[in-house]
Amino acid sequence: MTERYGDNTRTTDRYQNDAERKLASFAPIRGEINMPAPAPTAADADPEETREWLEALEAVVKQHGKARGVYLLSQLEEQARQLDILTHALPYSSYRNTISLEQQAVHPGDIALEERITAILRWNALAMVVRANEAYGELGGHVASYASAAEIFEVGFNHFFRGDREGHDGDLVFFQPHSAPGVYARAHLEGRLSEQQLAHFRREVDGHGLCSYPHPWLMPEFWQVPTGSMGIGPINAIYQARFMRYLEHRGLVPASARRVWGVFGDGEMDEPESIGALTLAAREQLDNLTFIINCNLQRLDGPVRGNGQIIQELEGLFTGAGWNVIKVLWGSDWDALFARDTHHALLRRFAETTDGQYQTLGANDGAYNQAHFFQLDPELRALVAHMSLADIDALKRGGHDMRKLYAAFSAARAHRGQPTVILAKTKKGYGMGGTGESRMTSHQQKKLDVATLRSFRDRFALPLTDAQIADLSFIKPPEDSAEVRYLRARRAELGGYLPARGAEAPAIALPPLQNYAGFALQADGKEMSTTMAAVRLLTNLLRDKSLGPRIVPIVADEARTFGMANLFRQIGIYSPSGQLYEPEDAGSLLSYREARDGQLLEEGITEAGALSSWVAAATAYSVHGLRLLPFYIFYSMFGFQRVGDLIWAAADQRSRGFLIGATAGKTTLGGEGLQHQDGSSHVVAATVPNCRAYDPAFAGELAVILDHGARSIMQRSEDVFYYITVSNENYAQPSLSAELAAQVIQGLYRYAQVIAPQPAGALRLLGSGAILREVIAAAALLQSDWNVSCEVWSATSFSELAREAAQVARWNRLHPSLEPKVSHLQQCLAGATPVVAASDYVRAYPQLIAAYLSADFTALGTDGFGRSDTRASLRRFFEVDRKHIVIAALDALARHGALERSLVASALARYGIDAELPAPWTR
Ligand SMILES: Cc1ncc(C[n+]2csc(CCOP(=O)(O)OP(=O)(O)O)c2C)c(N)n1
Ligand SMILES: [Mg+2]
């Protein structure tokens, strides 16, 4: 096994920095950036001796090289450890470029031309945003972020991001969302987006418009992955890179040089999702993954770490997580200064400068930088004595230097055994001058005056007249211009344009429903839970020759809870390093088997990670040209509520697959209590437009829904995903007649009719999930105790019913002169017979259908805090048990004059219901 964090996997760069690190002082701000503090040092008691030590080290490095210096330091370090005077090693290197000038790969392109192209893109992106805001004011948009990221993007586009040569073998690139104008500007120069489209930035409603941020739902042929919600991009990127390996190891795609690149913001790295999966990427040695963090030191309101140094903090974080870190801090014009700075005065000064101060330096000119940076130290003053203020002003940060960036990208691509993060120091609003460069307000700057625009033109030598500036004209060099030819040639060599989203993959045959679901369809009263049925259906499908290998089962850490432990042995748990230990339960039927080609993704306790894996599998038809059928099975409470925004992003990128909310139902997950019992996921699921959500009561219903979903995904190419709740209550499962299948999918079918001999009233009872059984029992009580006839309806999906009813209502409203249509809901529940509906979710869930009914409607639900108890007690507490359903039914009939109100009082007494208890949702 490779020792992941040992010295043997570290690059030479790191060694050199370790050596340099010891030469630089970080003391003044170490505490502020929350790095381990050094041992308290007394003032230098013997400066002479200190100098001798330092000079000795320096002399060794000069005479015998850096490696010798590192060796001596490591010996000293060991000795210090033995003397117990070594407290902490710093997890970051000095504030300089990781790649030394000697190691820097040579940029192979035409840098002058690339810079000209970048200048044009900068302008067009800026013009796009400023135009939109001059014309409409309210549209918003950002200039400063792309201004800081332009060189990063261009180095990627011209030299590294591979296109889809084969249709599905391109790199996956996550673009910083608010830099989207830059990506559009490039696509315009490439001839992929028209000027008319650019002119419709953020105006999408009437077609031709470009979306604010990357949204595959809105630009399905262009954007591959959504990044607009900070943090989602980084975690999704990690799991996409990991999933590429999974597919390779399982033999579903050939090994390839495909990569995942992600350009993210330094502010964005504060999101827990951004950093939550870093160790996974290192543990699984994802050297196909590169993060480039645009360290412009600012976020929206101000500096990311005004009193510290975000770059050093991120270096410590990523190094600790096991990543290869490459810092690109200073441009090429600093190289000569570093070469002459033999006493490391620059490093000392850098270390003492906070990011807040760097921002102020960035916002000001050469004179200010001279006075507030170089003049502060006599050695630095001497170092730049030969430079004019204009020279000082022109000193660039590394993230704006094509040469430095190229070398970093190239080193990242070549690095083996670890993912790489490039920390590129940039300026927010680079080139925007006094109104937008490194200003506190840079992020929001979207209206620039003519003087600023002109100085932007002059700074980047843009071919624009004053009149064109005033008109915010886009620059479009002709087809045969050097710029367009270069850009096209570069993309042709890299395999085509990016971003570009593929949408198709060959269909996969499915076994007939009856072949794998007979046990559920003809259940014949057999006892089982719907969770058990789901696992059995999944197990059967996994055995199918054509579909089986395409299934991707995913759990966080609850396979045993859901009765899925049989899958450990049957299909193996994915682990890129196989199984390096003898499992404690080896030989048992359910042995915990890890394998390099394992099919089950057992993610550990990270719902965000598991969901990201699901997204990778659910978008494989697009990213890999491969149809897969992912099933992520989780505690339903930890789905929409916990990772709802990841699900929203999954919907945006047209994910296709199954989310199975197991141990569902607030009263059905008896003992687990308040933080486990889910009463709301179906309400949230109903708000996701391409999510089809179901709450089946019986195994047969579940089988029909699963089959329908699998066919829509594997054969019909519908951009939908399914959320199905299943519960772990064992009960007798009725058989389901084949004719009812279509209605199960529509969301409602009549389960039974219970006729009282001489009915005093009649009503309709609806139930879903486990609570349908209470409804069925209530119908029996209504008949036997109160002489009331009932229809019992199984509502497999209140949300699907409501969706179709809303469609029909809208159509009818907009077509007043045509014969009105009738929804499935209205067909089933026509007339004035009162309706009582109950589910294991909050009342808002069944109430989704209320507006489309002409009858009196009562919804019962589980609003309030859950708590631990038996199912029966919980159902009594939340008033969704059979007795409370009877009360609600009698009350509805009494309000309509069908029964005496006194009957309700009799029922309360008969069933021992305490009418004075406070409502459950207040307790
Ligand atoms: C989850 C989330 N929270 C907040 C925002 C709003 N937002 C958009 S950009 C931004 C600042 C981003 O700063 P940074 O990541 O440093 O990127 P920069 O623009 O500086 O390159 C914020 C707060 C968002 N898009 N997503
Ligand atoms: Mg930033």
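This one's a predicted model, so the numbers in the text were calculated from it and none came from an experiment. Order of listing sets the numbers, starting from 1, for every ligand and every atom in it.
- In summary, the atoms of ligand 1 found under 4.0 Å from a heavy atom of S229, numbered by their order in the structure, are 1 (C), 26 (N).
- Of the heavy atoms in H443, only side-chain atoms (C-beta onward) come closer than 4.0 Å to ligand 1.
- Ligand 1 has no nitrogen or oxygen under 3.5 angstrom from a nitrogen or oxygen of R299.
- Counting atoms of ligand 1 from 1 in the listed order, those under 4.0 Å from a heavy atom of K428 are 18 (P), 19 (O), 20 (O).
- Note on S148: not counted as a metal contact of the Mg ion (ligand 2), no N/O/S atom lying under 2.8 Å.
- Close N/O approach between V304 and ligand 1 is not found [any backbone or side-chain N/O within under 3.5 Å].
- The existence of a salt bridge linking R192 and E221 is excluded, since no basic side-chain nitrogen approaches an acidic carboxylate oxygen closer than 4.0 Å.
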- May I have the step-by-step check of side-chain contact (heavy atoms from CB on, under 4.5 Å) for F291 and L278, ending in yes or no? CA-CA 11 Å; F291 275 12; L278 296 185; 4.1 Å; yes
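- For ligand 1, the atoms lying closer than 4.0 Å to a non-hydrogen atom of G267 are 14 (P), 15 (O), 16 (O).
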- Message: With side-chain contact (heavy atoms from CB on, under 4.5 Å) as the criterion, how do L297 and R397 come out once you've worked through the C-alpha distance, each side chain's angles and the decisive distance to 0.1 Å?
- Response: CA-CA 12 Å; L297 314 185; R397 293 184 180 175; 4.0 Å; yes
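- Salt bridge R656/D719: present, at least one basic N to carboxylate O contact under 4.0 Å.
- The Mg ion (ligand 2) has an N, O or S atom of D266 inside 2.8 Å of it.
- In terms of protein heavy-atom proximity, atom 24 (C) of ligand 1 is closest to M230 CG, 3.2 Å.
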- Message: If you apply the rule side-chain contact (heavy atoms from CB on, under 4.5 Å), what do you find for W123 with M128, and how did you get there?
- Response: CA-CA 8 Å; W123 169 264; M128 198 183 314; over 6 Å; no
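- Inclusion of S148 in the set of residues having an N or O under 3.5 Å from an N or O of ligand 1 is not warranted.
- Aromatic ring centroids of Y632 and F634 lie under 6.0 Å apart.
- Heavy atoms of E268 found under 4.0 angstrom from ligand 1 belong to the backbone as well as the side chain.
- Under 4.0 angstrom from ligand 1, there are no non-hydrogen atoms of H142.
- In summary, the atoms of ligand 1 found under 4.0 Å from a heavy atom of G228, numbered by their order in the structure, are 24 (C), 25 (N), 26 (N).
- Note: W334 and F373 have perpendicular aromatic rings, judged against thresholds of 30 and 60 degrees for the angle between ring planes.
- For ligand 1, the atoms lying closer than 4.0 Å to a non-hydrogen atom of Q176 are 17 (O), 18 (P), 21 (O).
- Distance check on atom 6 (C) of ligand 1: every protein heavy atom falls at or beyond the 4.0 Å cut-off.
- Between K404 and D335 there is a salt bridge, since at least one side-chain N of the basic residue sits less than 4.0 Å from a carboxylate O of the acidic one.
- Taking backbone and side chain together, Q298 holds an N, O or S atom under 2.8 Å from the Mg ion (ligand 2).
- Q176 and N294 share a donor-acceptor pair across their side chains, judged by distance under 3.5 Å alone.
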- Task: Could you walk me through whether L210 and R202 pass the side-chain contact (heavy atoms from CB on, under 4.5 Å) test, one step at a time?
- Result: CA-CA 6 Å; L210 301 177; R202 291 192 173 218; over 6 Å; no
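- Of all atoms in ligand 1, listed by their number and element, those nearer than 4.0 Å to a heavy atom of N294 are 21 (O).
- For atom 22 (C) of ligand 1, the closest heavy atom belonging to the protein is L300 CD1, 3.9 Å.
- In this structure, R490 does not pair ionically with E114, as no charged nitrogen and carboxylate oxygen lie closer than 4.0 Å.
- The backbone and the side chain of D266 each have at least one atom closer than 4.0 Å to an atom of ligand 1 (non-hydrogen atoms only).
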